[in-house]
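Data first, discussion second: the structure below is written as structure tokens.
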4 protein chains.
Amino acid sequence: MTDTPHRRGADRTEAIMRTTLELGQEIGYAKLSIEAVAARAGASKQTIYRRWASKAALLLDSLLSPNEPGLDYPDTGDIMADLRAQIHSAVDLLAEPPFGPLFRALIGEAQHDPQIAAALNERFIAPQADKTVARLRTAREQGQLSPDFDLDLAMAILSGPLYFQLLITQEPLTHAYVDQILDALFAGMGPR
Amino acid sequence: MTDTPHRRGADRTEAIMRTTLELGQEIGYAKLSIEAVAARAGASKQTIYRRWASKAALLLDSLLSPNEPGLDYPDTGDIMADLRAQIHSAVDLLAEPPFGPLFRALIGEAQHDPQIAAALNERFIAPQADKTVARLRTAREQGQLSPDFDLDLAMAILSGPLYFQLLITQEPLTHAYVDQILDALFAGMGPR
Amino acid sequence: MTDTPHRRGADRTEAIMRTTLELGQEIGYAKLSIEAVAARAGASKQTIYRRWASKAALLLDSLLSPNEPGLDYPDTGDIMADLRAQIHSAVDLLAEPPFGPLFRALIGEAQHDPQIAAALNERFIAPQADKTVARLRTAREQGQLSPDFDLDLAMAILSGPLYFQLLITQEPLTHAYVDQILDALFAGMGPR
Amino acid sequence: MTDTPHRRGADRTEAIMRTTLELGQEIGYAKLSIEAVAARAGASKQTIYRRWASKAALLLDSLLSPNEPGLDYPDTGDIMADLRAQIHSAVDLLAEPPFGPLFRALIGEAQHDPQIAAALNERFIAPQADKTVARLRTAREQGQLSPDFDLDLAMAILSGPLYFQLLITQEPLTHAYVDQILDALFAGMGPR
DNA sequence: AACTAATCGAGACGGTACGTCGTGTCTTACA
DNA sequence: TGTAAGACACGACGTACCGTCTCGATTAGTT
């Protein structure tokens, strides 16, 4: 009932992360500053520095913490359909605002900040990849894939082109494109 | 006989780009500053700003201008062997110092600078991809690939996993890995 | 008849000085720059630096050259009336736009530029003072002033308060104020 | 017991002003830069800009703050002697290093910076003039001067020639010259 | 009338300083 | 004790002019 006292701990943490996302979506990663987050959140810079080591670390937390429970992917028995659904929803998250641009910026930051690269992998990339690999493994165990099917390689061939399009050519990422890749992967494009 | 016109100008341009590469390799992209480049090159900041719009634009030019004539790739008639050679040499350039880390930083910058993204695509990514596509087209024309072989899709499936490894998982990029992908692409990994 | 060729010598000199006055009156001394004068006059900076050593020297010339022939002061035989007329017209020049503010700025510059101080004295202050002293001398020779009348001191007592008001208190300089000083000087304000 | 509040602040303020005076005396007003003051004082430029709006404002404070309590002038009953003493000591301050040249530069700056002009008047010129006027008023009240004696006019006639000599002719300002003016003022230099 | 030398405009260049921004650390006072 | 507020040193930003310089093009004198 006290009138806006100094909230503490988790309270402040959440408020700061919320503000970070807001600001990040408004002005973009490049112009985002800890200074501005502190000002808008009514927090002192010290309070932010006490919790996060850098702008990127703050943003990473801000992006992931609401979602961290993560999406569960289906296992309908149809490996192709399940994979398609899985990747479609990953693409939807990565390619669309509000998260898409900030995610891309974070991957950008990972190119000169090994800590961010590691955290990003541990907390987002790897879990995501693990789900794909797990679904593939089930399929292999059920005899839907050959016994020597390379799970990691398949995952890389499915993910790589998506990130290539997302980060390098920066053209729109469509479900149709995902389907093309899935088909090509399984059908092969071999010489006659 | 050829007396380069604007001798003064081109001279400075080259000196600045050379210094940028040196400094970039010494201290990394994040710590690289136009201030420092100017100081080390004995140039004024204005002279740099007159030519380049940003640190990233300067680095892009500095990285590409020495190589711009570009590598020529072989056409021995054996599409698999030629592709393998082509991609191996691209990987060697991208993954190894001195260019690798700076290239990665530049791709990072492209995530929040559309101008850099465009320039990077036009001057490096697209030409590189074009060479791969061109070699594939020749093979298709010679009947080594099926008439409905999707050239761009193949290129994406070959490049994507490499960039994924380079930018996301940041694990070492080996020739063996390239070969795995090539094999998988042509053989297919389809369900039984 | 040729269409705007590169004019030379005196032509350019005059154009530059005219532009200097214009610009100076528009934006004030502080913001006046040789760069801007060159641009507006369609002259190269070199052409200006060839003729003048500094912004202040350029402005001094620009202010004085149109007037240099100078005002001639009357000798009606009435020393009080003549002095009054003389000083009134000096005050009108000094205190009013467009010349007043630029003159003041120039005197300001003379406080840290001995060359300007010297030039200002030689070309404006001293000639002006000489005319006053000359008129006083005539009056003394004609017996209107006592034989031991100190001409320079009188000149200083007449001029000083005007410059004090102009430069220090920066309150408006009126003819009435001039008259007060003239009266006080000749009448004395002595103790009873 | 008096624990200066804002200890950190006042500390820096004083250090910066001290450095400003030092540097100003060493290299002169024209070459004095906020950059250099910051460097020598071990302060950041922000810290200076937080307190002062310009180089001139900083110098004004630096010059005045040590003296602000100001000199007290004598009242021996002899108006001529007291005025003489008062003006002699003002002249000594204004004309001599270390303060003289910097004061002159500041008056110069006041010619194109109204804020400085106002501050200079309020904090130095006016208080100084007030003391002279006050002493004259006492003399008038005591009947040593005629009842219609114009105090402000007298002050202007005493001060003006000094500033004229200081700022315009820039010849040495001697006590003897002051005495000449005092004598002339009270005796008058009138026509026969 | 052609040639030479001076002069011009344009503007690149190395500098210096500007005034601003954000960093990460710190101190102070409050709750 | 944890906090908001914000001072602080630092480093870099991007800009403005400085005074010097090179570059062709133009224009006078000289031949």
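Numbers restart at 1 for each chain; the letters A, B, ... are given by sequence-line order, proteins then strands. Everything numeric in this text was worked out from a predicted model, so none of it was measured.
A donor-acceptor contact under 3.5 Å is formed by the side chain of Lys45(A) with the base of dG24(E). In terms of polar N and O atoms assigned as donor or acceptor, the side chain of Gln46(D) never comes within less than 3.5 Å of the base of dA7(F) in a complementary pairing.
Thr47(D) has a side-chain polar atom (N or O) that falls below the 4.0 Å cut-off from OP1 or OP2 of dA9(F). Neither OP1 nor OP2 of dT7(E) sits under 4.0 Å from any side-chain N or O of Arg51(C).
Of the residues near DNA chain F, Leu32(B) and Arg50(D), the one whose nearest nucleotide (by heavy atom distance) lies more toward the 5' end is Arg50(D). Both Gly42(B) and Ile34(D) lie near DNA chain E, and the one whose nearest nucleotide falls closer to the 5' end is Gly42(B). Each of Lys31(D) and Ala41(C) has a nearest nucleotide on DNA chain E; the 5'-most of these lies closest to Ala41(C).
An end-to-end axis angle of 10° holds for the helix from dA2(E)-dT30(F) to dA31(E)-dT1(F), taken from five base pairs per end and rounded to 10°.
Here Ala38(D) lies out of heavy-atom contact (under 4.0 Å) with every strand. Within 4.0 Å of Ala36(A), counting heavy atoms only, lies no atom of the nucleic acid at all.
A straight line from OH of Tyr29(A) to C1' of dG22(E) spans 13 Å, rounded to a whole angstrom. Atoms CH2 (Trp52(D)) and P (dG19(E)) sit 15 Å apart, rounded to a whole Å. Taking atom CZ on Arg12(D) and atom P on dT25(E), their separation rounds to 20 Å, with Å as the unit. Following rounding to the nearest Å, Glu35(A) (CD) and dG22(E) (P) show an atom-to-atom distance of 7 Å. Atom C1' of nucleotide dA10(E) and atom OH of Tyr49(C) are separated by 15 Å, given to the nearest angstrom. Here the C1' atom of nucleotide dG2(F) and the CD1 atom of Ile16(A) are 12 Å apart, to the nearest Å. The distance from atom CD1 of Ile48(D) to atom P of dA17(E) is 13 Å, rounded to the nearest whole Å. Rounded to a whole Å, the CD atom of Glu14(B) is 17 Å from the C1' atom of dC13(E).
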Mind running side-chain hydrogen bond (donor to acceptor under 3.5 Å, both in side chains) on Thr47(C) and Arg12(C) for me, showing each step along the way? CA-CA 8 Å; Thr47(C) 302; Arg12(C) 300 276 63 205; over 6 Å; no

Pair Glu109(C)-Lys55(C), salt bridge (Lys or Arg N to Asp or Glu O under 4.0 Å): steps then yes or no: CA-CA 10 Å; Glu109(C) 207 64 18; Lys55(C) 171 169 86 162; over 6 Å; no

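Contact check for Trp52(C) versus Thr13(C): side-chain heavy atoms found under the 4.5 Å cut-off. With contacts defined as side-chain heavy-atom distances shorter than 4.5 Å, the pair Leu64(D)/Phe99(D) does not qualify.
Atoms CZ and CD1, from Arg104(B) and Ile107(A) in turn, are 12.5 Å apart once rounded to the nearest 0.5 Å.
In this structure, the side chain of Gln111(C) engages the main chain of Leu167(D) through a donor-acceptor pair within 3.5 Å. Under the 3.5 Å distance criterion, the side-chain polar atoms of Gln170(D) are matched with a main-chain donor or acceptor of Ala110(C).
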